[in-house]
Protein chains: 2
Amino acid sequence: MDKKIIQELIDRYVSVSFEVNKKAESLIKSQIEEDITIDQHYIIRYIQNSTECTSSELAEAFEVNKSAITAIINRLADRGVIERTRDENDRRVVYLTLSEKGKEMSRKTQEKVHLLVESLITQFDETEITNFINTYEKLALILTNMKKEEMGE
Amino acid sequence: MDKKIIQELIDRYVSVSFEVNKKAESLIKSQIEEDITIDQHYIIRYIQNSTECTSSELAEAFEVNKSAITAIINRLADRGVIERTRDENDRRVVYLTLSEKGKEMSRKTQEKVHLLVESLITQFDETEITNFINTYEKLALILTNMKKEEMGE
DNA sequence: GGTGAATAGTTTAACAGTTTAACTATTATT
DNA sequence: AATAATAGTTAAACTGTTAAACTATTCACC
């Protein structure tokens with residue numbers, strides 16, 4: 001690829017990813033706001049989609065320290081959204097699950113987020129958006145490998 | 001588009017955008033960390049690319065309240081990274097500029113971020129990454145229009 | 001030209017999320 | 001049995017955020 005073209009692509013990518021992130025996050029916030037934050041929403045979503053979720057798993061997925069997860073989980077547990085249960089075989093491990101209240105909360109916000117994303121996606125034709133998501137997924141893979149290399153060093 | 005395909009695309013989009021955001025942010029953080037946060041980095045970047053930057057402009061671009069901007073600017077001004085100058089014609093307005101120290105800081109972190117993004121982008125062929133960014137920019141436009149509609153209501 | 005509304009920015013209090021370091025409790029290693 | 005490693009928590013310190021009240025200035029318009 002030409003040096004100049006690469007430079008232009010870099011600038012465009014940095015700008016557009018910043019802009020989309022900010023705008024999307026702000027729209028999601030305006031949709032879900034029924035007393036939970038965006039991070040709490042993502043934590044709840046993750047727990048629901050995971051079979052046996054632990055703090056360590058969340059810390060890895062969210063790329064933060066475990067103590068940051070403890071803080072978020074504490075707030076949600078205090079409000080009865082999340083429940084903790086110890087593993088009987090390995091008593092160091094604590095499994096995180098959604099309470100009935102948490103599940104209901106998750107269902108509601110998930111629905112709103114889906115409607116929002118649907119209204120975005122359906123403005124493209126199928127080929128374009130499919131290609132976009134395919135490339136996006138490749139990018140995720142590249143980033144994962146980069147991360148692994150970084151750890152290896 | 002088929003209902004089922006849309007559902008699948010939504011799920012894939014939500015998952016992949018979350019994953020890429022977290023990973024990219026974490027990589028950027030590991031690159032720039034010379035005493036500034038990611039948000040500070042973005043603020044510095046914005047000021048550098050803007051001709052006459054104000055707090056209100058930043059608040060709009062970052063989709064946060066003006067007082068959040070004040071807090072960030074205070075920290076950077078205390079450290080001599082950013083300077084404030086009042087507009088002589090409209091004394092309510094405060095322009096934000098980078099000090100020499102700020103410019104140097106910006107140059108360094110910009111370079112690192114560029115190298116990082118370059119190493120991502122060059123793993124795709126030109127057509128694929130160009131198409132990707134084109135669609136991404138369309139998405140940004142759609143989000144901007146959505147935001148406007150939301151305001152209009 | 002003076003008054004009330006609008007605008008730009010700041011302050012304060014309260015809270016969410018984050019890191020680092022030290023800690024408890026448990027399990028694995030040797 | 002002694003030492004390492006692992007899972008999770010706690011505490012202190014910090015950044016970023018909102019909401020509401022505030023200062024200072026400019027605009028609108030009668």
Side-chain angles (χ1 to χ4, degrees), chain A residues 18 21-22 25-26 28-30 32-47 50 52-79 81-97, chain B residues 18 21-22 25-26 28-30 32-47 50 52-79 81-97:
Chain A
F18 171 79
N21 280 354
K22 287 292 173 194
E25 194 156 292
S26 158
I28 290 177
K29 209 185 288 176
S30 75
I32 65 175
E33 199 95 28
E34 55 177 60
D35 244 15
I36 61 170
T37 66
I38 283 211
D39 293 277
Q40 288 170 355
H41 159 69
Y42 279 121
I43 292 281
I44 289 171
R45 177 174 179 273
Y46 192 99
I47 292 176
S50 167
E52 281 199 321
C53 188
T54 64
S55 284
S56 300
E57 190 184 340
L58 284 171
E60 200 172 337
F62 285 71
E63 312 244 8
V64 295
N65 287 358
K66 283 189 289 185
S67 54
I69 300 296
T70 300
I72 298 177
I73 298 298
N74 278 344
R75 285 181 207 110
L76 290 171
D78 286 349
R79 291 169 51 193
V81 177
I82 283 179
E83 283 159 5
R84 291 191 238 232
T85 49
R86 282 217 116 82
D87 183 326
E88 283 306 317
N89 297 332
D90 185 343
R91 297 195 49 72
R92 290 171 301 184
V93 178
V94 175
Y95 296 116
L96 304 169
T97 52
Chain B
F18 171 78
N21 280 354
K22 288 292 174 194
E25 195 157 290
S26 158
I28 290 177
K29 210 186 285 176
S30 74
I32 65 175
E33 201 95 28
E34 56 178 59
D35 244 16
I36 61 170
T37 66
I38 283 211
D39 292 277
Q40 288 170 356
H41 158 69
Y42 279 121
I43 292 280
I44 289 171
R45 176 174 180 273
Y46 192 99
I47 291 175
S50 166
E52 281 199 320
C53 188
T54 64
S55 284
S56 300
E57 191 183 339
L58 285 171
E60 200 172 336
F62 285 71
E63 311 241 9
V64 295
N65 286 359
K66 284 189 290 184
S67 55
I69 301 295
T70 300
I72 298 177
I73 298 298
N74 278 344
R75 286 181 207 111
L76 290 172
D78 286 349
R79 290 169 50 193
V81 177
I82 283 179
E83 282 159 7
R84 291 190 238 231
T85 49
R86 283 216 115 82
D87 183 328
E88 283 306 314
N89 296 332
D90 184 344
R91 297 195 49 74
R92 291 171 302 184
V93 178
V94 175
Y95 295 118
L96 304 169
T97 52

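Labels below follow one simple rule: chain letters A, B, ... track the order of the sequence lines, proteins then strands, and each chain is numbered from 1.
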Undergrad: Grab the CD1-C1' distance between A/I38 and D/dT17 for me, whole Å please.
TA: 12 Å
Undergrad: Which nucleotide wins on minimum distance to the side chain of B/D39, given the candidates D/dG16, D/dT25, C/dT27?
TA: D/dG16
Undergrad: Give the rounded distance in Å between these two atoms: CD1 of B/I69 and C1' of D/dG16.
TA: 10 Å
Undergrad: Check this one for me: any side-chain N or O of B/T37 less than 4.0 Å away from OP1 or OP2 of D/dG16?
TA: yes
Undergrad: Within 90° of 0 counts as syn, otherwise anti: where does D/dA4 fall?
TA: syn
Undergrad: Report the distance from atom NZ of B/K66 to atom P of C/dT11, rounded to the nearest whole Å.
TA: 14 Å
Undergrad: Of the listed nucleotides (C/dG17, D/dT26, C/dG9), which one gets closest to any side-chain atom of A/I72?
TA: C/dG17
Undergrad: From the list D/dT9, C/dT19, C/dG9, which nucleotide is the closest neighbour of the side chain of B/V94?
TA: C/dG9
Undergrad: Under 4.0 Å between any heavy atoms, over every strand shown, what does A/S55 touch: base, sugar-phosphate, or nothing? Just pick one.
TA: sugar-phosphate
Undergrad: On DNA chain D, check which nucleotide each of A/R84 and B/R91 is closest to and give me the residue with the more 5' one.
TA: A/R84
Undergrad: To the nearest Å, how far apart are A/I32 CD1 and C/dA16 C1'?
TA: 13 Å
Undergrad: Is any side-chain heavy atom of A/I73 less than 4.5 Å from a side-chain heavy atom of A/L58?
TA: yes
Undergrad: Closer to the 5' end of DNA chain C via nearest nucleotide, is it A/E63 or A/N89?
TA: A/E63
Undergrad: From the list D/dG8, C/dT18, C/dT11, which nucleotide is the closest neighbour of the side chain of B/S67?
TA: C/dT11
Undergrad: Charged N to carboxylate O under 4.0 angstrom, A/K22 versus A/E25?
TA: no
Undergrad: Looking at C/dA14, which nucleotide sits across from it as a Watson-Crick or G-U wobble partner, both distances under 3.5 angstrom, or is there none?
TA: D/dT17
Undergrad: For the pair made of CG in A/D78 and C1' in C/dC15, what is the distance, rounded to whole Å?
TA: 14 Å
Undergrad: Any side-chain heavy atom of B/I36 within less than 4.5 Å of one from B/R79?
TA: yes
Undergrad: Report the nucleotide, chosen from D/dT26, C/dT20, D/dT18, that has the shortest atom-to-atom distance to any side-chain atom of B/N65.
TA: D/dT18
Undergrad: How close or far is atom P of D/dG16 from atom NZ of B/K29, stated in whole angstroms?
TA: 11 Å
Undergrad: Within this structure, what is the CD-to-P distance between B/E57 and C/dG9, rounded to whole angstrom?
TA: 10 Å
Undergrad: Rounded to whole angstroms, how far apart are CG on B/D87 and C1' on C/dG9?
TA: 13 Å
Undergrad: What do you reckon, are the aromatic ring centroids of B/F18 and A/Y42 less than 6.0 Å apart?
TA: yes
Undergrad: Quick check for you: among D/dA19, D/dT15, C/dG9, whose closest atom lies nearest to any side-chain atom of B/Q40?
TA: D/dT15
Undergrad: Choose from D/dT6, D/dT25, D/dT17 the nucleotide whose nearest atom is closest to any side-chain atom of A/R92.
TA: D/dT6
Undergrad: Are any of the side-chain heavy atoms of A/R86 and A/V93 separated by less than 4.5 Å?
TA: no
Undergrad: Determine, stepwise, if the pair A/E63 / B/N21 fulfils side chain to side chain contact (heavy atoms under 4.5 Å, CB included).
TA: CA-CA 11 Å; A/E63 312 244 8; B/N21 280 354; over 6 Å; no
Undergrad: Between B/R75 and D/dG16, is there a side-chain N or O to OP1/OP2 distance below 4.0 Å?
TA: yes
Undergrad: Counting only side-chain N and O atoms of A/T54, is one of them less than 4.0 Å from OP1 or OP2 of D/dA7?
TA: no
